[in-house]
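First the structure, in the form of structure tokens, and then the observations on it.
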Amino acid sequence: MTKMVIPNEPLVDHIYTADPSAHVFEGKIYVYPSHDLEHDEPSNDNGDQYKMEDYHILSLDNFNSPCVDHGEALHVKDVPWASTQMWAPDCAYSNNKYYLYFPARDYDGIFRIGVATSKSPSGPFKPEENYIPGSYSIDPAVFIDDDGKAYMYFGGLWGGQLEKWQTGTFVSDAEGPAADEPALGPLAAELNDDMMTFKDHPKEISILDENGKPLLAGDEERRFFEAAWVHKYNGKYYFSYSTGSTHFIVYAVGDSPTGPFVYKGKVLEPVIGWTNHHSIVQFEDKWYLFYHDCSLSGGIDHKRSVKFTELKHNEDGTIQTIDPYRDSNNK
Ligand code: FUB
């Protein structure tokens, strides 16, 4: 019997999937996740346990339908510049094409962001020869504004190497700021019409506290770690992200796609497993949060499963915090 999707349960259980970027394309929900693999290698703060090699794209006709796995859409062996670790991807539609954006390590072990194209949202995707010039670090998320301008947001601490780019070039032993200094922000770059190059050098985004001061590096419950995502609601830009070491998905709101953004609160409580990574998408008249956890694998950090649940904005524009395990057996 065909299995319908259920909120807060794995979208699929025949493979492990993580870092879901959800979009509505051609009237359906398409989910672009990482594809977690089975292995016994040790975990560390560098993220070596996340040694993914390919992407599978998932789709749902609606939230009362089965989830389809469209099979392998892109493999690292087909990407000339990439050596390993195909981490959190995203997809955008423009110029009658679909653009798959993905981070991977180059042959020097440096994370870069690549792009591959397809005529179909489910792939297969054909990679470009080289990574996006001027790109670095991880977790690309592309937001296209109502005026047609497209922005890529990216960056991630620790294994994501953001600390190493503070001077504008890669410094392999660079460390992050002290706890009482401003936290490192994510990067944003407007894309050219080709959707494959940056208009200008990526710029750091400011995330401010309620007094207009930058969040500090020691403020681990609120500062940016990884998993950038932008959605627009009632004319405001919502920048949401993972706090990494404290495991929340939080959000900040601004009046421009490149910020500054003011911290507002939590979207998602910590989930089973170290990482927390999400996307927020509108389908028909409701909003949904896609996220992952390690419940299916019994808590193994690098074997995650993508899930979804409804997300609600309050009348004042704030987001109701989600605890996916409240009132449920889905642990
Ligand atoms: O899946 C690998 C990495 O783990 C992602 O790029 C991060 O966001 C974290 O979820």
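Indexing begins at 1, ligand by ligand and atom by atom, following the structure's order. Position 1 is the first residue of the sequence, and the numbers go up from there.
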Distance under 4.0 Å to a non-hydrogen atom of [X]: what atoms of ligand 1 satisfy this?
X: H277; answer: 7 (C), 8 (O), 10 (O)
X: A88; answer: 6 (O)
X: R304; answer: 1 (O), 2 (C), 4 (O), 9 (C), 10 (O)

Inset, instruction - With heavy atoms under 4.0 Å as the rule, classify the contact between A18 and ligand 1 as side chain, backbone, both or neither. - result: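 Contact part for A18 vs ligand 1: neither.
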Inset, instruction - Would you mind checking which non-hydrogen protein atom is closest to atom 9 (C) of ligand 1, with the distance to 0.1 Å? - result: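 Nearest protein contact, heavy atoms only, for atom 9 (C) of ligand 1 is E226 OE2, 3.3 Å.
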Inset, instruction - Examine ligand 1 and decide if any of its atoms is less than 4.0 Å from a heavy atom belonging to M52. - result: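 Distance cut 4.0 Å: M52 passes for ligand 1.
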Inset, instruction - Compare I138, D301, D139 and give the one whose heavy atom is closest to atom 6 (O) of ligand 1. - result: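 Checking each option, the heavy atom nearest atom 6 (O) of ligand 1 is found in D139.
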Legend entry - H313: ring-ring contact (aromatic ring centres under 6.0 Å, His included) partners, not counting sequence neighbours: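 Counting only residues at least two positions away or on another chain, H313 forms a ring-ring contact (aromatic ring centres under 6.0 Å, His included) with H231, Y233, Y238, W287.
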Legend entry - Check: H247 side chain, V271 main-chain N or O, donor-acceptor pair, under 3.5 Å: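 Checked: no pair found.
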Inset, instruction - Can you sort out the partners of K232 under salt bridge (charged side-chain N to carboxylate O under 4.0 Å, His left out), two or more places apart, ordered by chain and number? - result: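 K232 satisfies salt bridge (charged side-chain N to carboxylate O under 4.0 Å, His left out) with D145, D146 only.
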Inset, instruction - Kindly confirm or rule out an N or O of D19 lying under 3.5 angstrom from an N or O of ligand 1. - result: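 It does: an N or O of D19 is found under 3.5 Å from an N or O of ligand 1.
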Legend entry - Candidate list F170, F154, F198, test ring pair (Phe, Tyr, Trp, His ring centres under 6.0 Å), partner Y136, passing option: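 Result: among F170, F154, F198, F154 is the only option passing the ring pair (Phe, Tyr, Trp, His ring centres under 6.0 Å) with Y136.
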